[in-house]
Every structure is written in C-alpha cells, then in structure tokens.
Peer 1: 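The structure that follows is given in the form of structure tokens.
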Amino acid sequence: GENRDPAEGGDDTGSPFVFNIEVGMLEIYNDEVYDLLAPPIAASQRKTHLDIRRGKDGLIEVPGLVKVKVSCLDDVMAVLTRGNDNRATASTNMNEHSSRSHMILNVKVTCGIKDQPLQTGNLYLIDLAGSERVRRSEVIGEQLKEAGHINKSLAALGNVMEALDRKAKHVPYRDSKLTYLLQDSLGGNSRTMMVVNVNPCSDSYDETTYALQFATRVRRINIGQAKRNVTSKNLEETVNKLSSELKLLAQAKARSEQQMSSLKRENKRVQDRLKSAAESRARSHDDTRTMSVLKKSHAEITERLKKEKALREGKTGEMENLQQEMQKVRQDTARMARQVDKLSTQVTEKEDKISDLQKQLRSAKEKASAANHRARTAQIVNPRSTPSSGSTAPSSIPRARVTRAAKPRGAPKSDDDIAKIRTEVQELLEKYDPNKVGKIDTLMEKFSGRETYLLSKLKQRYTNGGARPGGSSTPNGTANGSISGSASRPGTRGSSASAGTTAQERSEAALQKHMSRMRLRKERASARSNA
C-alpha cells in the first residue's frame with residue numbers, strides 16, 4: 001500500500017480524527033545532553049548542549065530538542081540513520097565501534113478528535129553505552145574521561161533501581177542526567193521494559209555476572225500499573241450524564257409538587273381558620289390577638305409558597321435546557337451515523353468500480369494480445385495467396401485444411417541441422433525482409449521440431465513467389481501439389497505479393513479498430529467513475 005501521512009489526520013477524506021507522530025533523538029555524552037538531529041555546524045564551532053527541565057504539565061522535557069514529523073517507516077529509518085551518523089563513537093581495545101554516549105529516541109504520538117482536547121503519549125527507546133573496564137579497554141586521554149562518565153551514569157542508574165527495589169522514600173534521580181531524564185519512565189505513569197546485553201565469552205565472566213545480577217534486581221521492581229490518560233468524554237457518556245441529571249430534576253420536580261400541594265392544603269386550612277376567626281371576632285373582641293397571629297402565619301406561608309414557586313420555575317427552566325442539550329446531542333449522534341454510512345457506501349462503490357475497471361482492462365489486454373498474435377502469425381508465417389483473375393484452380397478447398405497439409409513433421413533433427421536452418425532463415429530475412437530479423441528467435445521457438453517446414457515456407461514466399469519449383473509434392477501428398485500447381489501459373493508471383501500486402505493491411509486495420517474501441521471503452525469507464 002501507499003505511505004499515507006498520518007499527520008494529515010483525515011482532512012482530505014472528511015475524517016474527524018487527528019493523528020500526529022514526531023521523533024526526537026538525543027545523546028548524553030560526558031553527562032551533557034546533545035541533539036543528534038540538530039543542523040550541522042562548522043568544525044570550528046562547539047556543539048550546544050541542552051537542559052533538562054520539568055514542564056508545566058509536570059513531565060520531564062528537553063527544551064530546544066528538534067522533533068521531526070514522520071509519516072511512514074522510511075521517514076523513521078531516515079531519522080535513525082541521520083542521528084546515528086552524529087553519535088559519538090570511538091575504537092577501543094574491546095570494540096572497534098564503541099559507543100561513547102547514551103542514545104535516547106523519543107517518539108511523541110498525539111491523537112484525538114477535531115475541536116476537542118488531544119491525547120499525548122511518549123515512547124522512549126534508550127541505547128545505553130556498555131560498562132567499561134579501563135584495564136581491559138586500555139583507553140587514555142579523552143576516551144578515559146568518556147569511560148568515567150559512562151560508568152558513573154550506569155552506577156547512578158543502579159542506585160535508582162536499588163532505591164525503587166527497597167521502596168525508599170527518596171530516589172536519587174538527580175545524581176545523573178540519564179536518570180533525571182528517565183524519571184517519568186522509571187517511576188511515573190508508564191510501562192518500562194529493559195533488555196540487558198551480556199558477553200558470553202569466558203574472559204568477560206565478571207561483567208556478565210554483574211549484568212545478570214543487575215537484571216534480576218530490576219526484574220523485582222514494581223512501579224505500579226499505568227493509567228490511561230483520558231481528559232474528554234464521548235457523546236454516549238454525555239448523553240448518559242444528561243439523562244441521569246434529567247431524572248434527578250424530575251424527582252426534584254415531583255417533590256416540589258408534593259410540597260406545593262401540601263402548602264395549598266395548609267393555606268386552605270388557614271383560610272378556613274381566618275374565616276372562622278372573623279366570624280368569632282364579631283362575637284368576641286378578645287379574638288383580635290388570635291387574628292393577628294393567624295395573619296402573620298399566613299404571610300409566612302405565602303412567602304414560603306412564593307419561594308417554592310420560584311424554585312420550581314428555576315428547576316423547570318434547567319430541565320428544559322437539559323432537554324434541549326440532550327436533543328442536540330442526539331442530533332449530532334444521528335448526523336455522525338449518517339456520515340459513517342455515507343462514507344461506507346462510497347467506499348463500497350469505489351471498490352466495485354475499481355474491480356469492474358480491472359476486469360475490463362484484463363479483457364482488453366487479452367483481446368489486444370490475441371489480435372497482435374493473429375496479425376503477426378498471418379503476416380509472418382501463413383500469408384494468404386490470391387489466385388490471378390485467369391486462374392481456374394478450385395477455390396473450394398478450406399484454408400484450414402491447406403494450412404494443416406503444409407506442416408510436415410519429420411524425424412528429430414540434431415543441433416547442427418537446426419543451426420544451419422536458422423542461418424538460412426536469417427539470410428532470407430536479411431535479404432527480403434530486414435524488419436523481421438529481430439523476431440527470428442520467436443519464429444524458431446514457434447516452429448520447434450518443424451524447422452524444415454519453416455525454411456521451405458520462407459523460400460516459397462521470398463524465392464519462388466508462393467510456388468514450389470516444378471510442382472513437387474511434400475510429405476503430405478496431393479494437397480501441396482494442388483497448391484503448387486495453381487500457384488505456378490503466370491502472374492502468380494505478383495498476385496502472391498499483393499495478397500500478402502492485403503493481408504497485412506487488413507491485420508493492421510483490424511488492430512487499429514480494436515485499439516480505438518478499447519480507448520473509447522476506457523474513456524466511457526473513466527467518465528462513469530468520475531460521475
């Protein structure tokens with residue numbers, strides 16, 4: 001398949017998804033961080049080292065690190081080749097191409113849906129430089145300094161692993177830039193895998209034992225389970241949440257209505273009490289104080305009723321807003337489902353059209369090949385001979401029978417005989433038809449086992465003008481004799497040449513007609529696919 005750029009997301013196809021991949025590459029050389037993908041600098045200038053910091057999101061990052069967008073495997077391999085070419089290496093007594101730095105490859109993947117928060121994941125691939133014993137590698141000068149930094153960083157990594165194994169409260173990540181850069185991978189929300197390379201030779205027994213012990217200690221470490229980083233919810237979760245809120249609001253509405261009905265009943269009771277109090281006030285002046293108390297109670301109840309009514313109206317408005325939002329979400333879900341069905345239908349139609357066009361192309365190629373084969377055979381091997389106007393030779397002999405009668409099969413021939421016949425055939429073609437000299441291999445392969453018949457046929461065509469000398473017969477008997485007899489009359493040679501030319505013209509015309517039909521069919525198919 002073709003290498004499609006995932007950084008384009010799905011803009012051309014209408015896809016709502018976004019997918020980007022970026023690759024960065026750095027090395028830790030002498031406890032300093034250098035960018036392996038940085039532009040080349042002059043030999044007189046020094047490489048600029050980078051810093052390691054903690055970003056705003058709380059993750060470790062390297063500001064200024066060059067990150068290259070990639071879209072296929074070839075882009076990734078090109079970035080790796082470019083970074084490896086810039087990596088620090090040297091020749092020691094133990095290794096001709098010894099790595100003098102730790103190399104770290106960072107692959108940053110960003111994906112998500114358009115107009116929504118995107119998700120980001122980081123993959124770190126670390127190539128650690130091997131531990132080095134100076135007594136065996138015999139390095140001096142700058143290489144001795146490099147070996148010291150390598151062993152120091154590996155020792156710091158071992159201390160970090162030991163602290164993680166002991167579940168220590170303090171883990172010494174800052175002892176080395178290697179461990180500080182890998183802090184999120186070793187103790188954060190991640191999955192970590194380590195591959196330890198050992199030397200099987202007996203003279204490296206101590207280093208191999210230490211490496212295996214280190215791997216055993218690392219294997220016991222449990223940094224916890226990685227958690228998925230999700231900051232957005234899909235439409236189904238939103239619908240479920242809105243539905244639950246709607247249920248809660250409906251329950252609150254039912255409770256409010258119950259409270260309203262109870263307040264109405266209470267209000268009715270108060271009105272009845274007021275009415276009876278008014279009636280009793282006429283009978284007794286002492287009931288005035290009771291009336292004032294009842295009025296105050298009525299005012300309080302009325303105020304509570306107003307507050308409950310306002311609260312119910314607010315809840316009703318919120319419920320209507322939630323219903324509208326839920327309707328919008330359902331419409332968006334239905335629209336996305338229609339878009340998915342439409343895209344699936346378009347893909348199916350395109351695949352059917354491609355299949356039909358491929359079938360038509362194969363059929364056209366087969367027909368064209370068959371037409372070319374027939375035209376070449378008729379032109380080179382079996383030319384048609386037309387009798388002269390005065391000829392009285394019988395024309396009722398079928399052409400297929402004459403052709404079969406002219407194919408004698410003799411005894412198997414040796415390689416020398418075949419080589420002589422090939423030489424004679426080549427001489428005839430060079431003399432009479434130079435354009436067909438390049439096709440002599442095809443002719444010899446087609447007439448394998450019938451080389452004598454091919455030679456006699458060419459001689460009859462070019463030398464005798466289509467007739468055998470003296471009307472002699474071939475191993476097939478009278479059929480050839482009748483042909484040679486009818487072809488030995490005056491004017492036969494000119495007639496044979498004109499017949500061969502006419503047959504060639506007819507073959508070329510038929511081929512041109514067939515090619516025009518195929519072009520017209522292809523244009524129609526292209527027009528239908530565009531429509």
Side-chain angles (χ1 to χ4, degrees), residues 1-28 33-39 50-84 86 102-127 173 177-178 180-194 223-238 329 332-333 335-336 339-340 343 347:
E2 62 181 0
N3 291 327
R4 183 173 175 273
D5 189 356
E8 296 178 357
D11 297 340
D12 297 339
T13 59
S15 175
F17 298 102
V18 178
F19 198 85
N20 297 323
I21 300 177
E22 295 180 341
V23 176
M25 203 170 178
L26 57 90
E27 69 172 351
I28 300 178
V33 179
Y34 296 97
D35 191 352
L36 295 177
L37 301 181
L50 304 177
D51 295 331
I52 303 175
R53 299 176 183 174
R54 187 173 295 277
K56 296 180 179 179
D57 54 357
L59 299 177
I60 298 297
E61 62 181 16
V62 181
L65 180 65
V66 176
K67 293 187 177 181
V68 182
K69 280 190 175 183
V70 295
S71 59
C72 60
L73 181 59
D74 294 337
D75 295 345
V76 177
M77 297 306 296
V79 172
L80 289 175
T81 303
R82 175 180 166 188
N84 285 326
N86 296 330
H102 306 298
M103 188 271 289
I104 300 176
L105 175 69
N106 173 226
V107 181
K108 183 179 181 181
V109 181
T110 305
C111 62
I113 303 176
K114 291 181 179 179
D115 302 329
Q116 291 190 13
L118 301 179
Q119 307 302 318
T120 302
N122 286 281
L123 171 65
Y124 290 96
L125 300 177
I126 303 98
D127 180 18
Y173 290 114
K177 290 191 176 181
L178 174 64
Y180 186 54
L181 181 61
L182 301 180
Q183 181 175 351
D184 293 335
S185 299
L186 297 176
N189 181 22
S190 63
R191 291 184 178 179
T192 307
M193 181 183 69
M194 178 180 292
I223 62 176
Q225 186 176 3
K227 298 180 181 179
R228 182 177 298 175
N229 184 17
V230 178
T231 59
S232 63
K233 298 183 179 179
N234 54 26
L235 295 178
E236 185 176 358
E237 293 177 348
T238 304
V329 170
D332 293 341
T333 304
R335 184 170 62 255
M336 292 180 68
Q339 290 179 358
V340 172
L343 291 174
V347 170

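Quantities reported herein were computed from a predicted structural model and do not represent experimental measurements.
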Peer 1: Rounded to the nearest 0.5 Å, what separation is found between the CG atom of D35 and the NZ atom of K67?
Peer 2: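 Separation between the atoms: 10.5 Å.
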Peer 1: Which residues pass the side chain to side chain donor-acceptor pair (under 3.5 Å) test with R335, not counting sequence neighbours?
Peer 2: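 Listed in chain order: D332.
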Peer 1: Using salt bridge (Lys or Arg N to Asp or Glu O under 4.0 Å) as the criterion, list what pairs up with K177, not counting sequence neighbours.
Peer 2: E32
Peer 1: Check N86 against L36 and note the closest heavy-atom contact, atom names and distance.
Peer 2: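 Heavy-atom minimum between the residues: ND2-O, 2.7 Å.
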Peer 1: I need the minimum non-hydrogen distance between I28 and L178, along with the two atoms involved.
Peer 2: CD1-CA, 3.6 Å
Peer 1: Please identify which of these residues, L181, L65, L26, meets the side-chain contact (heavy atoms from CB on, under 4.5 Å) condition with V33.
Peer 2: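 Only one option passes, and that is L26.
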Peer 1: Contact between K69 and D75 at the side-chain level, heavy atoms closer than 4.5 Å - yes or no?
Peer 2: no
Peer 1: Using side chain to side chain donor-acceptor pair (under 3.5 Å) as the criterion, list what pairs up with R82, not counting sequence neighbours.
Peer 2: none
Peer 1: Are N84 and M25 close enough that some pair of their side-chain heavy atoms sits under 4.5 Å apart?
Peer 2: yes
Peer 1: Who pairs with D51 by side chain to side chain donor-acceptor pair (under 3.5 Å), at least two apart in sequence or on another chain?
Peer 2: none
Peer 1: Who are the side-chain contact (heavy atoms from CB on, under 4.5 Å) partners of N122, not counting sequence neighbours?
Peer 2: N106, K108, T120, Y124
Peer 1: Provide the closest heavy-atom pair for Y180 versus R54 in the form atom of the first, atom of the second, distance.
Peer 2: OH-N, 4.5 Å
Peer 1: Who pairs with E27 by side chain to side chain donor-acceptor pair (under 3.5 Å), at least two apart in sequence or on another chain?
Peer 2: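 S101.
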Peer 1: Do L182 and Y173 make a side-chain contact, defined as non-hydrogen atoms from C-beta onward lying under 4.5 Å apart?
Peer 2: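 The answer is no, as the side chains (C-beta and beyond) never meet within the 4.5 Å cut-off.
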Peer 1: What pair of heavy atoms forms the shortest contact from D184 to I60, and how long is it?
Peer 2: OD2-N, 2.8 Å
Peer 1: In this structure, are over 12 heavy atoms from other groups packed under 6.0 Å from M194 atom CE?
Peer 2: yes
